Protein chains: 2
Amino acid sequence: MTSCATCIVRNSAICGALSNAELATLNKIGRRRTLEAGETLIWEGEESVLVANVIDGVLKVTTSLKDGREQIVGIACPSDFLGRPFGENAGQSVVALSDAKVCLFAREAFDGFAREHPDLQTTLLERILGELDLSRRWMLLLSRKTASERVATFILEMSQRLADHGCAAPGGSIDTLRLPFGRQQMADILGMTIETVSRQLTELKKRGVIRLPSRQAIEIVDRAALEALA
Amino acid sequence: MTSCATCIVRNSAICGALSNAELATLNKIGRRRTLEAGETLIWEGEESVLVANVIDGVLKVTTSLKDGREQIVGIACPSDFLGRPFGENAGQSVVALSDAKVCLFAREAFDGFAREHPDLQTTLLERILGELDLSRRWMLLLSRKTASERVATFILEMSQRLADHGCAAPGGSIDTLRLPFGRQQMADILGMTIETVSRQLTELKKRGVIRLPSRQAIEIVDRAALEALA
DNA sequence: CGTACACTTGAGACCATTCAAACTTGGTGG
DNA sequence: CCACCAAGTTTGAATGGTCTCAAGTGTACG
């Protein structure tokens, strides 16, 4: 029996808006689920039947074209909210990048609960507004920034995110990022090809701005230079 | 004295969630304002002091880089909501594209009112979720679609919007769009240059897919062809 | 030790941009 | 009514940044 009382994201997820009594009610309509890396939780275009809180792991939120071109429009870390409440269709797919644990709710049940709990709605609204700001800023990157600006921005943004809530994997100081994804996913986030990402990273390495200690790690050597580039 | 009772967006804006009594309270903290084309209502990066409902006219929501590169991340039409509630900073600028009328609220007063009126919050949440879906779909266009795909998608999207709520200006059937903006703004929406937009439009004209009866009008001749391109 | 997979590097092609010039359009005043 | 002007738009030629395709290198894992 899993319980909200012992949940590690109890206070940082939207559940933080609820009292223990309210949480007990929510607990009844929710259930936990584990996902393996690569597993899809939500399919783009399908009916929106699920919403979820991330408990552990990292997931990607994507939209794609029929021919396979894909764009990652969001990265979900522990305590982040997933899914499309108050709507019939899921606009994006959600896929686990690492093994993950989520707290699932049937969308309709969640909608009903939310309508009766204004504080939860406020919290949710604040989160979604933050997401909207983020995705709009990202639109500027995708449409107007050059390859090197994109990579510089990406590294700084990830560093930021690591600082905020330990999303970007363990075992690094503020300046050594252990990223939970490979080049292809970086490319899908930045709207470029894998080759261009690679070239830009080696360029930054050559210039002594970053180091690449291992495949999935980036160490920031000269943060000021990165900021100038982004 | 302006009154919500006679407001033309009374039912289509977020105010639709409120009773007449509640609306009277909201009316006290709001005021009307007219904007001339080109006037800025909200500045990116400044403190978020205002939120608003659009009553008349069309406005653009933009983010930009210091060097002037700009991306339009949203178009606001009558009954649309503007601004950043529950947050300190405005992430985007809002500029009137045509002469416009808006219903303004001090952000903090609005936040307070919203917290006490769950139905308003639900409505707002639904709207913001819709905006998020839209902007995420647009990210895919900006990062992965070719110039011709972008223009085709744009025309269809605008046609859709015209059909939904008479945003895209008067005097047109479903297939003749009178757009409230010029080539530069199309470019800023699509993340391209003005020249590329122009070239793609003439290309579509040559192929008999659209006609360009006047500077700001686009007539869809072969909708199926457009859909195939998008 | 060998194989598979991810990443890097290189050469060439291509699409969108840049810069420049010509053309429309709509408005103003002679 | 027409000439003129300014602003917006179209068109052209050349450039350049990113992608594509292909081969090479490295790293993890059996």
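Residue numbers begin at 1 in each chain, while the letters A, B, ... track the order of the sequences. As the structure is a computational prediction, the values presented were derived from the model and not from experiment.
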> Whole-Å distance between D:dT9 P and B:Leu212 CG?
Replying inline: 11 Å
> Where along nucleotides 14-30 of chain D does protein come under 4.0 Å, by heavy atom, of base (B) or sugar-phosphate alone (S), with - for untouched nucleotides?
Replying inline: ----SSBB----BS---
Enumerate donor-acceptor pairs with a distance under 3.5 Å from any side-chain N or O in residues 47-57 of chain A to protein atoms, sequence neighbours excluded.
residue	atom	partner	partner atom	Å
A:Ser48	OG	A:Arg84	O	2.8

> Taking only residues two or more places apart in sequence, or in another chain, which ones meet A:Asn11 in a side chain to side chain donor-acceptor pair (under 3.5 Å)?
Replying inline: none
>> So for atom NZ, which belongs to B:Lys101, do other residues, nucleotides or ligands contribute more than 12 heavy atoms lying within a distance under 6.0 Å?
In response: no
> Within this structure, what is the CG-to-P distance between B:Leu179 and D:dG8, rounded to whole angstrom?
Replying inline: 16 Å
>> List the residues meeting side chain to side chain donor-acceptor pair (under 3.5 Å) with A:Gln200, not counting sequence neighbours, and say none if there are none.
In response: none
>> My understanding is that only residues two or more places apart in sequence, or in another chain, count here; which of them pass side chain to side chain donor-acceptor pair (under 3.5 Å) with B:Ser198?
In response: none
>> Test of understanding: with ring-ring contact (aromatic ring centres under 6.0 Å, His included), list the residues that count as partners of B:Phe105, not counting sequence neighbours.
In response: B:Phe110
> For the helix from C:dC1-D:dG30 to C:dG30-D:dC1, what angle lies between the axis at the first five pairs and the axis at the last five pairs, to 10 degrees?
Replying inline: 30°
>> If the condition is side chain to side chain contact (heavy atoms under 4.5 Å, CB included), which residues does B:Glu88 pass it with, not counting sequence neighbours?
In response: none
>> Restricting to side chain to side chain contact (heavy atoms under 4.5 Å, CB included), what partner residues turn up for B:Thr63, sequence neighbours left out?
In response: A:Leu140, B:Glu44, B:Gln71, B:Val73, B:Gln92
> With B:Ala217, which residues qualify under side chain to side chain contact (heavy atoms under 4.5 Å, CB included), at least two apart?
Replying inline: B:Pro213, B:Ser214
> Can you name the side chain to side chain contact (heavy atoms under 4.5 Å, CB included) partners of A:Glu227, sequence neighbours left out?
Replying inline: A:Leu156, A:Arg223
> Can you give the first and last nucleotides of DNA chain C, 5' to 3', that have an atom under 4.0 Å from a heavy atom of chain B?
Replying inline: C:dA16 to C:dT25
